[in-house]
Amino acid sequence: MKTCKRIEIVIETPLARRLATRLRELGAPGFTLIPEVRGAGDRGERRADELSGDSSNCLILIACDDQATVDRILDAVRPLLSSSGGVCLVSDALWLRH
Amino acid sequence: MKTCKRIEIVIETPLARRLATRLRELGAPGFTLIPEVRGAGDRGERRADELSGDSSNCLILIACDDQATVDRILDAVRPLLSSSGGVCLVSDALWLRH
Amino acid sequence: MKTCKRIEIVIETPLARRLATRLRELGAPGFTLIPEVRGAGDRGERRADELSGDSSNCLILIACDDQATVDRILDAVRPLLSSSGGVCLVSDALWLRH
Amino acid sequence: MSAFLGNLGSPPLLFFFLGVMAVVVRSDLEIPAQVAKALSLYLLFAIGFKGGVALSESTIDGSVLMTLLAAMALSAAIPVYTFFVMRKKLPTADAAAIAATYGSVSAVTFVTAAGYLDIQDIAWSGYLVAAMALMESPAIIVGILLYNHFGKQGNAASSLFSWKQLINESLFNGSVFLILGSMLIGWITGSDGMSQVEPLVKGLFLGLLCLFLLDMGIVAARRFRDSRHAATESAAGQPLKLMLVAALSMPLINAMIGLSVAWLLGLSEGDALLFVVLVASGSYIAVPAAMRLALPEANPGNYLTMSLAITFPFNLLIGIPVYHAMIRWLL
Amino acid sequence: MSAFLGNLGSPPLLFFFLGVMAVVVRSDLEIPAQVAKALSLYLLFAIGFKGGVALSESTIDGSVLMTLLAAMALSAAIPVYTFFVMRKKLPTADAAAIAATYGSVSAVTFVTAAGYLDIQDIAWSGYLVAAMALMESPAIIVGILLYNHFGKQGNAASSLFSWKQLINESLFNGSVFLILGSMLIGWITGSDGMSQVEPLVKGLFLGLLCLFLLDMGIVAARRFRDSRHAATESAAGQPLKLMLVAALSMPLINAMIGLSVAWLLGLSEGDALLFVVLVASGSYIAVPAAMRLALPEANPGNYLTMSLAITFPFNLLIGIPVYHAMIRWLL
Amino acid sequence: MSAFLGNLGSPPLLFFFLGVMAVVVRSDLEIPAQVAKALSLYLLFAIGFKGGVALSESTIDGSVLMTLLAAMALSAAIPVYTFFVMRKKLPTADAAAIAATYGSVSAVTFVTAAGYLDIQDIAWSGYLVAAMALMESPAIIVGILLYNHFGKQGNAASSLFSWKQLINESLFNGSVFLILGSMLIGWITGSDGMSQVEPLVKGLFLGLLCLFLLDMGIVAARRFRDSRHAATESAAGQPLKLMLVAALSMPLINAMIGLSVAWLLGLSEGDALLFVVLVASGSYIAVPAAMRLALPEANPGNYLTMSLAITFPFNLLIGIPVYHAMIRWLL
Ligand SMILES: Nc1ncnc2c1ncn2[C@@H]1O[C@H](COP(=O)(O)O)[C@@H](O)[C@H]1O
Ligand SMILES: Nc1ncnc2c1ncn2[C@@H]1O[C@H](COP(=O)(O)O)[C@@H](O)[C@H]1O
Ligand SMILES: Nc1ncnc2c1ncn2[C@@H]1O[C@H](COP(=O)(O)O)[C@@H](O)[C@H]1O
Ligand code: NA
Ligand code: NA
Ligand code: NA
């Protein structure tokens, strides 16, 4: 078991797709994406019922054991949240090594 | 980054819908809902295959930085879990401010 | 509220189904399974678009308040991750008792 | 008897069996959840539209209104007697939920019976579709009233539950709304409308019913297996037996009641069968969803298993042809 | 006038109303998301294929090319005037997004108009399907150019946004790609191809359009309700009024422009209607998705609500028959 | 040659190309996952039912049984030679997985070949559907036996894997189960049953095949692109070349084997083509799913890419017409 950061990002589907492709460039060791997630926040409800999928959210989960990479990811996420909304949480976890 | 509580609730779909509409009244700054989640617990399996959707669960995620609101949410969730089952976990996280 | 471990496993769908049925034997008090999750990691992308469903992941969430059970679950998960890939994170949480 | 075999030997029924077999042999066959939901919406849409068009071509007279009233009255009355019988063996909440379940109807049983009549070229009237839609809500409301009166007050979920909301939901429940709406549109647009949507509404009806019943077979068999496991684990075995007895006798008793009323109303062969099927069937979509909200302490392992895993297949496979034979014999 | 009533009284339109009503009475009726997506892909596939087959049976001459060019030119020109008008009342980003929205087209409005013509047995030409596909991208590109020129530079999402990518996306956007591809295949395989897929492409068309419009009614009504709430909460009420005025006058103005051009081009009755409908409609699928990426500071509560919740139903219910009456009167 | 062009020019094939093109131009066109799954269930249901009805109208004699036996024998034999050839270049687990893959069959290739025959009005016998279903399991079992004998024992996932379970799964795998079940029901209900479900089972067949192949084109092209990336990244490039050679030569070699056997069995033109297509195709649904469980150390980037992204399109576009031409020439 190794300590790591568990980054969790909720963001609109069109942006999530782009973010996912960027994560690799930022050095993330991997990620998991839960599609078609609903929610509500400052910008009202997202019902995941629109045909373009543009009103659904995705939840992206990233386990990362390198603090520099964590910082790089957070720096990339911050402006996205300011302009388009969403949430990003960071917590501590243990990563089962195999 | 701001410290916050990360509340995670697994509950049946019909109740989750109601809970979601109540969360705002309880002062939650927002929430994210993952629909059609399966599971098993004390009350047996939920397969998310029934037509009414009443045997699927939802996972609701709430980031909340106000302890009073957290307590209010937990107080509202507790009786639901007693009567209808489900799980509620609370952990600490950092909320990326933008 | 009781302290517990929050185990989170991302693993391919065919293995996740089997793992879910094993969890009960290992003494897990319950679990929640989020199906059709996408991701990328050491073994490339999983797009959740294949017809057999074998290239999609599941996310399994287990709250467990008994350390012995946690260890048993992790011991069962470790060889799966080595041979088939995936991620397992463990963190601390409070379990709302009702 | 040939009608009986005729029903068992029709593709829709055989696909229901196939779904059951898939669970028995532990096949991983599965209809994706959203597609199964879409198939059920399709059936409601199609039967509603067909019913509406049929209605537009007939006259609505006093006997039609009488039938609709009788249907609603039965859906309110059946829960009452069911509740008092069930309460002798089960907790109040469970008794109320089972009562509501059997007062209400199973749309798919109705749809299958309509298909059964179509295959045999027996006419039926469009307004029975309206009867089906009208029978959902009274049962729910009576069930909850019974519980509120005889059960202990102050259930824990009450914070999420308001009478007003619940009545709204049972009246404008998705299935009820779609079927009534489609019927209205079928009635407004009549045969002109039908000619536009005929290939979907009529052409594909029996084929898609096959696929839907395949899914129903899977879901019903899984639930039956789960409840058998639960029964074995709890060492008792008693509840399953009780459930079996109740879930097999209730459709028969209610069918007798329905048959008498149909006879009093002077319904035709096809109409009488649909009426009896409505009375004899139990809900497994709208009512369970409402019960989870209003009576969360009632165990869906009881009421849902009974209606979905026992009564539904019973009506489908045995009930429909048996009720039909009785109607033939009576008329 | 009878055409007007004829449109309102056709099943597809009535199902749109039914969807709206479902939201009004707070029914939980809902088409599963993936099924709604599949229905929209079906409509694009069917209309594309039909258009292609029609194209293969006619000759492509100069007037066809003129029409296609005119369509593209309008889809680039309309955003320009729209932008400058909107900018007087709204932030630059919102004005640009609304401009792009109304330069582009609504495939479902087009498809409904085609169904409307089919029901009335009025011929239309396949190449108008191509016109529809060609009108998506220019509007997006012009909208972003306008914003980049008049708005403040350096939007925050720019890290995820590259011009090259965006142009690629607006050109090969899923809907545009499917419709052009199906048209090409219909054109290649002609009536032989049609005979193979006819039951799907033609037989089910109007029926599935009903189900799709039911979903559109639900989605549009929800969005309208949300924006009314937002308006009430923000105490102003002004934006909703502004949105209403703009979203009702733009289709009318653009329809006039389209009508003039159609008249200049000498289009037939059916073709003129489809042309006008294209110009008068606003996008709510491709453009909003592109705007979320390129102009994230524009509020979808404005542009999406306008096109989806106001202009779309307006065109569907009132626009199509009114434009048709005008064309009849003019020709 | 005209047959060759005929195949390439038919809508289903062109939609496969369109799916490939969507990936090439990086369009975001996508069939929702659950809908794609439903389309594949539909194809199995329709082909199974059709086959069963055809079977009910013919006599099952010794030659039918011989053909079924030959099909099963080939599906057990092909993995053996494939395994020993592949093992020279690849790890044991990969060799075993590839062996199982090519011993088994591709239902969609079969379905497309049946559609190809239907379009050209060439008769084929229903029992070949049974042959397809019977060819899935032997290959899986032989593949695992080979691995267990020649590979190192004690794979890590063994805790989740039991022989009993795996045999059960390969016998009652969802696709196999649905196709056999539908065939049985088609056989029981015969032409009466067919008349009830004809619009779904026959009318929509080619149209829905188009939509399914559109999705297959997208999925296959994505997988091919991924494996090319992987090849480039690992700097070698060799594996991709090896995969290409193997995945193109295996269908040809197996087709020759199938052709000889078909000739020995004295099959008719249509039956021979379907038989050859079964032998020449490789599985990309049932086998890969079984391999992930039983041989997790085998890399799906090899066996799945080969069967799905190379052999499948090859058979679809080139194989079917070429095998047909050879059969014509031979008979
Ligand atoms: N406090 C919160 N907890 C969990 N999810 C949230 C929260 N606030 C917002 N979200 C999610 O982030 C999305 C965008 O939020 P916003 O930008 O605040 O509208 C919402 O639709 C929710 O899914
Ligand atoms: N220990 C657990 N960890 C994670 N999820 C659980 C756990 N126990 C129950 N659940 C979830 O909560 C739902 C209801 O649980 P229960 O009321 O115990 O039947 C289950 O279907 C699971 O999805
Ligand atoms: N660092 C990570 N954070 C979150 N999820 C991951 C991570 N690495 C891998 N995954 C998930 O685990 C799956 C298998 O990973 P791998 O075995 O590394 O290919 C991926 O498809 C992801 O869904
Ligand atoms: Na009843
Ligand atoms: Na326009
Ligand atoms: Na083969």
Side-chain angles (χ1 to χ4, degrees), chain D residues 2 5-39 42-43 46 112 114-121 197-215 217-218 221, chain F residues 31-46 48-50 52-53 164-205 207-208 285-286 289-290 293:
Chain D
S2 82
L5 284 178
N7 196 36
L8 281 183
S10 77
L13 268 287
L14 290 170
F15 275 98
F16 180 81
F17 273 124
L18 191 64
V20 172
M21 281 308 299
V23 175
V24 170
V25 302
R26 298 186 179 273
S27 166
D28 63 349
L29 182 62
E30 213 172 47
I31 308 278
Q34 296 199 7
V35 175
K37 184 86 195 299
L39 284 173
Y42 163 79
L43 292 177
T112 309
Y116 167 88
L117 292 172
D118 286 350
I119 292 175
Q120 304 191 28
D121 271 322
V197 300
E198 193 150 16
L200 180 64
V201 161
K202 287 194 178 164
L204 302 186
F205 189 74
L206 288 173
L208 292 178
L209 181 60
C210 287
L211 293 179
F212 186 70
L213 285 179
L214 174 66
D215 187 57
I218 295 172
Chain F
I31 309 277
Q34 296 199 6
V35 175
K37 183 84 196 299
L39 285 173
S40 100
L41 293 177
Y42 163 79
L43 292 178
L44 297 170
F45 156 75
F49 201 93
K50 263 205 255 186
V53 172
K164 215 189 111 215
Q165 245 182 318
L166 200 89
I167 288 184
N168 183 80
E169 269 170 32
S170 66
L171 285 176
F172 300 119
N173 160 278
S175 332
V176 172
F177 187 85
L178 179 58
I179 205 162
L180 283 180
S182 304
M183 212 175 86
L184 189 69
I185 295 177
W187 182 71
I188 294 174
T189 59
S191 55
D192 273 8
M194 182 51 102
S195 69
Q196 293 173 29
V197 299
E198 192 149 16
L200 180 63
V201 161
K202 287 194 178 164
L204 302 187
F205 189 73
L208 292 178
I285 302 191
L293 289 170

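Worth saying up front: this structure is predicted, and the values here are computed from it rather than measured. Order of the sequence lines sets the chain letters (A, B, ...), proteins ahead of strands, with each chain counted from 1.
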Chemist: Among D:Leu211, D:Ile31, D:Leu208, single out the residue with the greatest number of heavy-atom pairs under 4.5 Å to chain F.
Modeler: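 Option with the top pair count is D:Leu211.
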Chemist: Work out which heavy atom in D:Gly207 is nearest to a heavy atom in F:Leu200; give both atom names and the distance.
Modeler: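 Smallest heavy-atom distance, with atoms named: C-CD2, 3.3 Å.
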Chemist: Pick one of side chain, backbone, both or neither for D:Pro12, based on which atoms fall under 4.5 Å of a heavy atom in chain F.
Modeler: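 Side chain only.
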Chemist: Top residue by heavy-atom pair count (under 4.5 Å) with chain F, among D:Gln34, D:Arg26, D:Glu30, D:Lys202?
Modeler: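 Going by pairs under 4.5 Å, I would pick D:Gln34.
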Chemist: Examine D:Tyr42 together with D:Phe212 and report whether their ring centres are nearer than 6.0 Å.
Modeler: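 That pair fails the under 6.0 Å test.
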Chemist: Distance check, rounded to the nearest 0.5 Å: D:Thr112 atom OG1 versus D:Leu117 atom CG?
Modeler: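 Output value for this atom pair is 11.0 Å.
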Chemist: Looking at side-chain heavy atoms only, is the closest gap between D:Leu204 and F:Leu204 below 4.5 Å?
Modeler: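 In short, these two side chains touch, coming nearer than 4.5 Å.
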Chemist: So which heavy atom on D:Ile218 is nearest to which on D:Ala22, and how close?
Modeler: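 For D:Ile218 and D:Ala22, the tightest heavy-atom pair comes out as CG1-CB, 4.5 Å.
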Chemist: With only heavy atoms counted, which part of F:Leu171 is less than 4.5 Å from chain D, the side chain, the backbone, both or neither?
Modeler: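 When you check distances to chain D, no heavy atom of F:Leu171 falls under 4.5 Å.
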Chemist: Picking from F:Gly203, F:Ser175, F:Ser182, which has the most non-hydrogen pairs under 4.5 angstrom with chain D?
Modeler: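 The answer is F:Ser182.
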Chemist: Non-hydrogen atoms of chain F under 4.5 Å away: do they reach the side chain of D:Phe205, the backbone, both or neither?
Modeler: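 Interface part for D:Phe205: neither.
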